[in-house]
Amino acid sequence: MSKQIKSIRRTTVPQIRARKGGEPIVSLTSYHAHTAAIVDRHADFILVGDSLGMVMHGMESTVGVPMDLMIMHGKAVVRGTRKALVVVDMPFGTYEESPNVAFRNAATIMKETGCGAVKLEGGARMAETIDFLVQRGIPVMAHIGLTPQSSHVMGGFKTQGRDEDSWDAHVADAHAVADAGAFAVVLEGMVEKLASRITREISIPTIGIGASVDCDGQILVLEDMLGLNEWTPKFVRVYSDLGPMIDDAVSRYAADVRGRAFPGEDETYG
Ligand code: KIV
């Protein structure tokens with residue numbers, strides 16, 4: 001066994017599953033090796049989310065994200081990390097058709113990237129598929145509430161559960177994915193009381209994004225919390241304002257190049 005393989009010791013799926021009701025689970029998205037290496041020092045799991053289509057590639061939604069893009073970024077994140085569990089999103093169109101199609105694509109994602117689990121969107125309607133994958137060795141993280149891949153059906157990115165009449169359906173979704181064998185479930189864009197009820201009722205960890213502090217863990221899109229996006233949703237806390245810092249660095253570089261102040265003597269081979 002090579003030295004490199006020996007030094008890789010990742011958080012496992014059962015370890016995440018066992019954190020239900022315990023120390024909050026820390027997670028962030030990451031799409032490339034160098035940011036993933038930083039996140040790896042602090043997070044329990046890293047999600048290679050299909051939000052990369054919007055964040056990295058300027059798409060208007062996640063619907064157009066192809067599987068090869070997920071695999072490319074998934075490989076980079078696995079290469080850059082050694083501690084966190086890496087979860088890769090199954091993009092729209094790669095799992096909804098049938099459990100067999102989902103298995104083939106999930107297996108390809110796992111084999112090509114080396115990730116430890118996949119994530120897919122949908123509640124009760126995906127339960128049969130989740131069971132099929134888990135029975136065949138593929139750990140699944142579920143994702144309910146605001147499911148961006150269905151934004152065209154939902155009429156946009158809308159907070160879920162504002163109308164109490166809708167709660168039963170969301171709670172049923174949470175139970176369905178837990179019963180089907182998902183090891184954790186992302187609750188996205190959901191009112192606090194609904195997220196709390198789901199977290200109390202189901203046996204697997206809930207990972208909140210815009211779903212209150214009551215969840216068993218939290219996830220944010222890294223670029224959002226670093227202040228790299230022009231618009232920040234209400235549920236994001238911006239921990240560092242990197243956008244203006246990068247703008248300042250690039251503008252000083254441009255001025256130096258135009259003024260022939262870069263490169264200087266220190267940056268020149270004599
Ligand atoms: O794609 C993504 O970044 C996600 C998170 C919002 C959970 O699914």
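Remember, it's 1-based here, ligands and their atoms both numbered in the order they're listed.
Between S51 and ligand 1, an N or O atom pair is found at a separation short of 3.5 Å. Of the polar atoms of Y31, none of the N or O atoms is found under 3.5 Å from an N or O of ligand 1, judged by distance alone. Considering backbone and side-chain N/O atoms, T29 never comes within less than 3.5 Å of an N/O atom of ligand 1.
Looking at I209 against ligand 1, only its side chain comes within 4.0 Å, counting heavy atoms. At a 4.0 Å heavy-atom cut-off, ligand 1 touches L47 through the side chain alone. The part of D89 lying near ligand 1 is the side chain, judged by heavy-atom distances below 4.0 Å.
Nearest heavy-atom pair across C115 and V88 is CB-CG2, 3.6 Å.
Residue contacts with ligand 1 include K119, since one of its heavy atoms falls under 4.0 Å from the ligand.
Every atom of ligand 1 is numbered from 1 in the order shown, and the set under 4.0 Å from a heavy atom of H143 is 8 (O). Listed by atom number, the atoms of ligand 1 under 4.0 Å from G49 heavy atoms are 1 (O), 2 (C), 3 (O). Of all atoms in ligand 1, listed by their number and element, those nearer than 4.0 Å to a heavy atom of E188 are 6 (C).
Side-chain contact check for T206 and T199: at least one donor-acceptor pair (N or O, by modelled atom type) lies under 3.5 Å. Donor-acceptor pairing under 3.5 Å is lacking for the side chains of T12 and R17.
The pair R252-D256 fails the salt-bridge criterion, with no side-chain N (NZ, NE, NH1 or NH2) lying under 4.0 Å from an Asp/Glu carboxylate O.
The distance from atom CG of L187 to atom SG of C215, rounded to the nearest 0.5 Å, is 4.5 Å.
Cluster partners of V26 are absent, since no Ile, Leu, Val, Met, Phe, Trp or Tyr has side-chain heavy atoms less than 4.5 Å from it.
A distance of 6.0 Å or more separates the ring centres of H175 and H170.
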